[in-house]
2 protein chains.
Amino acid sequence: MRRESLQVLLWRRAQEPHAHRWSLPGGRLRDDEDVEASIRRQLAEKVDVRKLAHVEQLAVFSAPDRVPGGRIVASAFLGLIPCDVDPEVPEDTAWYPVDDLPDTAFDHEAIVRRAQGRLRAKLSYTNLGFALAPPEFTISALRGLYSAALGYRVAATNLQRVLSRRGLLEPTGHTSPPGPSGGRPAALFRFTGHGMLVTDPFAVLRPPSRGSGGDVR
Amino acid sequence: MRRESLQVLLWRRAQEPHAHRWSLPGGRLRDDEDVEASIRRQLAEKVDVRKLAHVEQLAVFSAPDRVPGGRIVASAFLGLIPCDVDPEVPEDTAWYPVDDLPDTAFDHEAIVRRAQGRLRAKLSYTNLGFALAPPEFTISALRGLYSAALGYRVAATNLQRVLSRRGLLEPTGHTSPPGPSGGRPAALFRFTGHGMLVTDPFAVLRPPSRGSGGDVR
DNA sequence: CCCGGTTTTCGCCTTATAATCGAAAACGTG
DNA sequence: CACGTTTTCGATTATAAGGCGAAAACCGGG
């Protein structure tokens, strides 16, 4: 999240194929690392990895002709950085809004689309928001963040209650000073769960409540 | 689904490493195919691929030591076969209940666990059930299928209405003859959507209804 | 120091969807 | 033709999400 829009880190390729075009950070897998260790290592050369709040596998992209002149299979990841950090990036990299990408190398635009879809889906049924939010935030700030990432406006009132009913939100007790034009000072909140991804406290088609237990047929 | 339990096709390895142990079907990726084409080709040697109702990427397993004596990265898939087909399988393969696996080669048990979790999650918020169900089925049969796959009992009444409200279920007009002990004949249903996966008609934190449109901040 | 403007917060109400319960329908059997 | 069985359906309850407006808490300016 930069300047209220969802952005992605791109890197200008130096070598052929697709030299000078924008591509996602990445590189070859070494023999002594798994794919997640590899992407963290690749990323470390571009940006401070300690800023990464969340990393998860996305999908494998393996069309035989996705990279001209050689068979390359890509294992794509989704990685998130909180909106309050502004990492230094090298000269040959830049942030681009996901909705306004430049010409990208290979199938990297498709990968970004897939990542965007995954983020949208998980924002609404997990606590993945913690990976984009700062340690403390106001409900308004969180609303702006969710709105930008989801692509539609969400109501602050509802957002607060949905998240707190699920036990994902917790008031810190502090308040944020009001803006230049006045207004009531906003209470500060944080995500519970210590930065862990709370996967599914959710299930449509739930197990029966008054469980008579026993067999499952 | 075989004999009212969720089962997985395993293949007894002929060669080292891990010779004679049970493993998931698979093999090496060729230069002219993507990973999905590859798994379909590998599977064609074991079972009639036309029986496959659904195939989706699961995850990459890439720990450096997951296969002794050589670096192998696995792209795992989830594939589903309707419960009414009983495919012929070769001598060296067998079906095992996912909850009662034999000793498996490599990390294949972890892969099965991951697949089971994915199936459970998607059953409740997509129409993935069509991939396990026969073309026509009674609500009771569908209930048994869901119960076995989810691991807990679901109510037939509720299942029917949840699925039909989402527009996933459709009566065929036919009825099934009652069982040996009598009872009212059951109406037959089918899934709508022609075997396509209806992904997310679902989103907690929805877009506003009476959209005032406009900006998204 | 009062007053309008601004932003946040909170309670109440409406809507949407899922779960539960029980009665009625439709069948075989003795 | 009564009885047990299984399915089906309507009515009711429970739970969660969305909407709205009033009150709270701050600013700045007359």
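In what follows, chains are A, B, ... by sequence order, proteins preceding strands, each numbered from 1.
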S.K.: Tell me the interatomic distance from B:L142, atom CG, to D:dT8, atom C1', rounded to whole angstroms.
M.R.: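 Distance check: B:L142 CG to D:dT8 C1' gives 15 Å.
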S.K.: Mind checking A:A156 for me? I need base, sugar-phosphate or nothing, with any heavy atom below 4.0 Å counting as a touch.
M.R.: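 Touches nothing.
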S.K.: Taking atom C1' of C:dA16 as reference, at what distance in whole Å does atom CZ of B:R165 sit?
M.R.: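 Distance check: B:R165 CZ to C:dA16 C1' gives 8 Å.
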S.K.: Quick one: salt bridge (Lys or Arg N to Asp or Glu O under 4.0 Å) partners of B:D48, sequence neighbours excluded?
M.R.: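 B:D48: salt bridge (Lys or Arg N to Asp or Glu O under 4.0 Å) contacts with B:R50.
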S.K.: What is the distance from CG of A:L163 to C1' of D:dA16, rounded to the nearest Å?
M.R.: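 Computing the A:L163:CG to D:dA16:C1' distance gives 13 Å.
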S.K.: Let me see the working for A:V8 and A:L101 under side chain to side chain contact (heavy atoms under 4.5 Å, CB included), right down to the final yes or no.
M.R.: CA-CA 9 Å; A:V8 60; A:L101 292 181; 3.8 Å; yes
S.K.: D:dC27, D:dT7, C:dA18: which one has an atom nearest the side-chain heavy atoms of B:V162?
M.R.: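 For B:V162, the side-chain atoms sit closest to C:dA18.
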S.K.: For nucleotides 9-12 of chain D, list the nitrogen or oxygen atoms of the protein found under 3.5 Å from its nitrogen or oxygen atoms, one pair per line.
M.R.:
from, atom 1, to, atom 2, distance (Å)
D:dC9, N4, B:T157, OG1, 3.2
D:dA11, N6, B:R161, NH1, 3.0

S.K.: Under 6.0 Å from the NZ atom of A:K51, do we count more than 12 heavy atoms belonging to anything else shown?
M.R.: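 Result for NZ/A:K51: open.
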S.K.: The side chain of A:P185 lies closest to which of these nucleotides: D:dA25, C:dG28, C:dA26?
M.R.: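 So the side chain of A:P185 is nearest to D:dA25.
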S.K.: From C-beta outward on B:N158, which listed nucleotide comes closest to its side chain: D:dC26, C:dA19, D:dT8?
M.R.: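 The nucleotide sitting nearest to the side chain is C:dA19.
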S.K.: Please determine whether a side-chain nitrogen or oxygen atom of A:S181 lies at a distance below 4.0 Å from atom OP1 or OP2 of D:dG28.
M.R.: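 Negative; the distance criterion is not met.
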S.K.: Mind checking A:A186 for me? I need base, sugar-phosphate or nothing, with any heavy atom below 4.0 Å counting as a touch.
M.R.: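 Since only primed, P, OP1 and OP2 atoms lie under 4.0 Å of A:A186, the category is sugar-phosphate.
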S.K.: Relative to the ring of B:Y96, is the ring of B:W22 parallel (under 30°), tilted (30 to 60°) or perpendicular (over 60°)?
M.R.: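 The rings of B:W22 and B:Y96 stand perpendicular, inter-plane angle above 60°.
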S.K.: Would you say a side-chain N or O of B:S140 is under 4.0 Å from OP1 or OP2 of D:dT7?
M.R.: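 Checking D:dT7 against B:S140, a side-chain N or O does come within under 4.0 Å of OP1 or OP2.
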S.K.: Assign the ring pair B:H54 / B:F130 to parallel, tilted or perpendicular, where the plane angle (0 to 90°) is split at 30° and 60°.
M.R.: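 Because their plane-to-plane angle is over 60°, the rings of B:H54 and B:F130 count as perpendicular.
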S.K.: With sequence neighbours left out, write down each residue that passes salt bridge (Lys or Arg N to Asp or Glu O under 4.0 Å) with B:R114, or none if nothing qualifies.
M.R.: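 B:R114 satisfies salt bridge (Lys or Arg N to Asp or Glu O under 4.0 Å) with no other residue.
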S.K.: Roughly, in whole Å, what's the span from CZ in B:R143 to P in D:dT6?
M.R.: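 Value for this atom pair: 11 Å.
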